[in-house]
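Input: a single structure, listed below in structure tokens.
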Amino acid sequence: MKVYNTLTKNKEELIPLDNKTIRMYSCGPTVYSYAHIGNMKAFLFMDFLKRSLNYLGYKVKSVMNITDVGHLVSDSDEGEDKMLKTAKNSNMTPWDIASIYTDAFLNDIGKLNIHRPNVLCKASEHINEMLDMVNRLYDDGYAYETSDGIYFDISKFPDYGKLSNLDLEGQIAGARVAINTEKKHPADFAIWKKAPKEHIMQWESRWGMGYPGWHIECSAMSRKYLGDQFDLHTGGVDHIPIHHENEIAQSNAYIKKQAVKCWMHCEFLQVDNGKMSKSIGTAYLVSDLEKKGFEPLAFRYMCLNAHYSKKLNFTWEGIEAAQKSLNRLSNLVAAHKDSDAEADSDLIETYKNEFRNALEDDLNIPLAMGTVWNAARSSVKSFRIYQLLMDFDKVLGLNLDIKRNEAEEEIPEEISLLAQQRLQARKNKDWKKSDELRDTIKSLGYFINDTPSGQIIKKG
RNA sequence: GGCGCCAUAACCAAGCGGUAAGGUAGAGGUCUGCAAAACCUUCAUCUCCGGUUCAAAUCCGGAUGGCGCCUCCA
């Protein structure tokens with residue numbers, strides 16, 4: 001498989017560093033509020049990548065962090081800790097907040113059929129590993145102390161800015177954040193912060209009580225679970241300039257080698273062709289989709305239909321289209337399942353190859369979806385194509401085997417009574433009465449669908 | 001102000017020099033008392049202007065338009 005590496009700006013063949021297992025780390029959520037569907041796009045990307053690697057025969061070990069401490073309101077060490085701020089506003093402890101939103105997060109990724117990484121690790125449970133790095137970076141001269149913390153000295157790391165093509169001088173001129181005068185360089189960043197007494201989350205260190213900087217958690221935990229050097233690191237494009245740049249600086253300085261071989265970044269989800277925004281109310285949650293009657297998996301389908309490295313535009317019209325496509329695809333799968341006709345073996349091979357080739361080329365799942373549809377729509381319905389499609393679904397994760405659009409729902413007695421009357425009217429070929437009853441039922445919020453096997457009543 | 005991305009049918013979206021995948025909507029059809037659903041068929045020369053080439057949506061230059069980051073965010 002070839003993937004685009006943000007670090008080298010090239011597509012590269014992915015070969016496990018240890019010749020056995022791809023070790024990948026993905027930046028996870030900061031659990032201070034609900035994750036919106038934009039966040040989910042990145043986690044879906046991680047999932048598509050892992051499933052594809054598995055499909056193509058790679059062994060994979062994946063790790064994702066849960067950030068429950070240290071992530072300040074600004075990525076570049078300004079402002080309050082996000083967890084603390086939320087805790088303060090809601091009169092709960094940071095631990096309560098973390099617990100609530102971690103559960104919500106796991107629930108959401110479950111609904112989106114995102115496999116859990118092999119290791120899900122919490123920042124607050126790895127303070128020792130972080131302090132170990134901080135201590136050594138300080139001792140090795142990569143960091144210095146100020147009145148409020150320990151800062152990484154980017155002048156000691158010549159490659160700083162390589163990932164994002166940073167023009168450090170230009171950055172300084174454009175910086176809008178207040179300048180911390182104790183920092184030697186504006187881009188120097190905190191790896192450890194000294195804690196004021198009232199700070200709830202704090203741990204003992206050689207500089208007194210404190211808490212970790214945000215970026216250090218990923219360096220410490222990835223190293224703990226994946227080793228000094230590993231294959232893949234994923235995240236959203238927003239992390240390229242600060243978070244990942246800092247991670248590279250810390251990790252590489254710590255092990256004196258290149259820690260991560262390949263960096264992959266997922267583009268943003270936009271809404272109505274613009275930035276997703278909490279203030280405009282477009283930072284939708286998975287539960288918002290459900291409230292409008294969409295399956296979370298319809299959103300998954302939507303994300304499968306565009307390349308991870310391209311911005312995807314979310315609209316309600318779009319999710320509607322995705323849901324319909326998903327329904328139809330499932331119907332087609334069912335049709336193949338129930339058929340005993342023979343499919344052309346060569347054709348099956350062709351589809352299989354097309355699908356693999358698409359995945360192998362930098363995870364081109366939208367292209368692979370073309371093959372999925374061509375296979376599904378093939379004029380001969382065959383159980384072998386059913387098997388093929390279910391094989392593809394190992395990557396897609398759409399649960400194509402379930403019946404959609406025919407879900408049994410709780411029907412109120414009043415409605416089913418009316419439906420009974422309508423059934424009777426139809427038996428009598430009293431079409432006028434039957435149509436009136438259908439209208440009545442419709443006005444009560446239910447929809448009647450006549451099928452060869454009888455009436456189907458659905459909500460909406 | 002600095003950096004970068006994108007521009008393909010009504011909408012979403014592949015395409016990476018050899019003559020436009022796929023999905024949704026629309027249109028036509030099969031089925032049905034009707035409707036819906038389902039299924040089948042059908043639907044674009046790639047923002048504009050130059051250039052390179054036997055050949056360009058694909059490469060180069062320019063114009064116009066949209067978006068993102070640099071500030072919280074995946």
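Lettering follows sequence order; numbering is per chain, from 1.
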Exercise. If the C1' atom of B:rC69 is compared with that of B:rU52, how far apart are they to the nearest Å?
Worked result: 34 Å
Problem set entry | Summary of side-chain hydrogen bond (donor to acceptor under 3.5 Å, both in side chains) pairs that have at least one residue in residues 353-371 of chain A, sequence neighbours excluded | A:Lys11-A:Asp361, A:Tyr308-A:Asp362, A:Glu354-A:Thr371
Exercise. Taking all atoms of both residues into account, what is the closest heavy-atom pair of A:Ser279 and A:Ser277, and its distance?
Worked result: OG-OG, 2.9 Å
Problem set entry | Distance, rounded to the nearest Å, where A:Leu332 contributes CG and B:rG22 contributes C1' | 13 Å
For this session: Taking all non-hydrogen atoms of both residues into account, name the closest pair between A:Leu359 and A:Met1 and its distance.
Result: O-CE, 3.3 Å
Exercise. How far, in whole Å, is B:rU47 from B:rA9 if one measures between their C1' atoms?
Worked result: 14 Å
For this session: Hunt down the Watson-Crick or G-U wobble partner of B:rG4, both distances under 3.5 Å, from any strand shown, or write none.
Result: B:rC67
Exercise. Looking at A:Tyr284, A:Tyr101, A:Phe105, which hits ring pair (Phe, Tyr, Trp, His ring centres under 6.0 Å) with A:Tyr34?
Worked result: A:Tyr101
For this session: Using a 4.0 Å heavy-atom cut-off across all strands, classify A:Leu269 as base, sugar-phosphate, or nothing.
Result: base
Exercise. Out of B:rA14, B:rG22, B:rU24, which nucleotide sits closest to the side chain of A:Lys324?
Worked result: B:rU24
For this session: Determine the interatomic distance between C1' on B:rG29 and the same-named atom on B:rG15; round to the nearest Å.
Result: 32 Å
For this session: Between A:Tyr308 and A:Lys41, just flag the one whose closest nucleotide in RNA chain B comes earlier from the 5' side.
Result: A:Tyr308
Exercise. Which base, if any, makes a Watson-Crick or G-U wobble pair with B:rG50, both distances under 3.5 Å?
Worked result: B:rC60
Seminar exercise, completed: Separation of B:rG23 atom P from A:Leu367 atom CG, nearest Å, is 13 Å
Exercise. Taking a pair as Watson-Crick or G-U wobble with both distances under 3.5 Å, which nucleotide is matched to B:rA27?
Worked result: B:rU41
For this session: Could you check whether A:Glu320 gets within reach of a base, just the sugar-phosphate, or nothing at all, counting any heavy atom under 4.0 Å?
Result: nothing
For this session: For A:Ile242 and B:rC70, give me the distance from atom CD1 to atom P, rounded to whole Å.
Result: 7 Å
Exercise. With a non-hydrogen cut-off below 4.0 angstrom, is A:Lys278 in contact with a base, only sugar-phosphate, or nothing?
Worked result: nothing
Exercise. On a whole-Å scale, what distance lies between the C1' atoms belonging to B:rC49 and B:rU41?
Worked result: 39 Å
Problem set entry | A:Lys275 NZ to B:rC70 C1', straight-line distance once rounded to whole Å | 11 Å
For this session: Report the distance from atom CG of A:Asn331 to atom P of B:rU24, rounded to the nearest whole Å.
Result: 11 Å
For this session: Look at A:Arg377 and B:rG22 and indicate whether a side-chain polar atom (N or O) is within less than 4.0 Å of OP1 or OP2.
Result: no
Seminar exercise, completed: Closest heavy-atom pair, A:Cys27 versus A:His233, reported as atoms and distance to 0.1 Å, is SG-NE2, 3.6 Å
For this session: Could you please spell out the steps behind the ring-ring contact (aromatic ring centres under 6.0 Å, His included) verdict for A:His126 and A:Tyr225?
Result: CA-CA 11 Å; A:His126 296 79; A:Tyr225 295 107; 5.5 Å; yes
Problem set entry | The single option from A:Asn118, A:Thr234, A:Val395, A:Ile22 passing side-chain contact (heavy atoms from CB on, under 4.5 Å) against A:Lys50 | A:Asn118
For this session: Using the P atoms only, state how far B:rC6 lies from B:rC16, rounded to an integer number of Å.
Result: 15 Å
For this session: Sort out the partner of B:rG33 for me: Watson-Crick or G-U wobble, both distances under 3.5 Å, none otherwise.
Result: none
Exercise. Which residue lies toward the 5' end of RNA chain B, A:Lys11 or A:Met40, if each is placed at its nearest nucleotide?
Worked result: A:Lys11
Problem set entry | Same-atom distance (C1') from B:rU58 to B:rC70, integer angstrom | 32 Å
Problem set entry | Heavy-atom closest contact (A:His336 atom, A:Ala375 atom, distance) | CE1-O, 3.8 Å
For this session: Report yes if the ring of A:Phe268 lies under 5.5 Å from the six-membered base ring of B:rA74 with planes under 30°, and no otherwise.
Result: yes
Problem set entry | Proximity of A:His185 and A:Tyr160 rings by center, below 6.0 Å | no
Exercise. Of all the choices, B:rC40, B:rC69, B:rG15, which nucleotide is nearest to the side chain of A:Pro241 once you look at every atom?
Worked result: B:rC69
Seminar exercise, completed: By the Watson-Crick or G-U definition, both distances under 3.5 Å, B:rA20 is matched with none
For this session: Rounded off to whole Å, could you give me the CD-to-P distance for the A:Glu354 and B:rA14 pair?
Result: 17 Å
Exercise. Rounded to the Å, how far apart are A:Phe392 CZ and B:rG22 P?
Worked result: 15 Å
For this session: Measure centre to centre between the rings of A:His239 and A:Trp214, then say whether the value is under 6.0 Å.
Result: yes
Exercise. When all nucleic acid strands are considered with a 4.0 Å heavy-atom cut-off, which category describes A:Phe43: base, sugar-phosphate, or nothing?
Worked result: nothing
Exercise. Does the ring centre of A:Tyr386 sit less than 6.0 Å away from the ring centre of A:Phe383?
Worked result: yes
Exercise. What does A:Met276 touch in the nucleic acid at a heavy-atom separation under 4.0 angstrom: a base, only the sugar-phosphate, or nothing?
Worked result: base
Taking only nitrogen or oxygen atoms into account, show me every contact under 3.5 Å that the protein makes with nucleotides 6-13 of chain B, one pair per line with its distance.
from, atom 1, to, atom 2, distance (Å)
B:rA13, O2', A:Asn305, O, 3.4

Exercise. For nucleotides 30-36 of chain B, read 5' to 3', which letter fits each nucleotide if B means a protein heavy atom sits under 4.0 Å from the base, S means only the sugar-phosphate is that close, and - means neither?
Worked result: ---BBBB
Problem set entry | Spacing of A:Trp373 atom CH2 relative to B:rU41 atom P, expressed in whole Å | 13 Å
For this session: Taking atom C1' in both B:rU24 and B:rA63, compute the distance separating them and give it to the nearest angstrom.
Result: 33 Å
Exercise. When you compare B:rG26 with B:rG62, how far apart are their C1' atoms, in angstrom units rounded to a whole number?
Worked result: 38 Å
For this session: Please determine if A:Arg438 and A:Asp435 form a salt bridge, counting it only when a charged side-chain N lies under 4.0 Å from a carboxylate O.
Result: yes
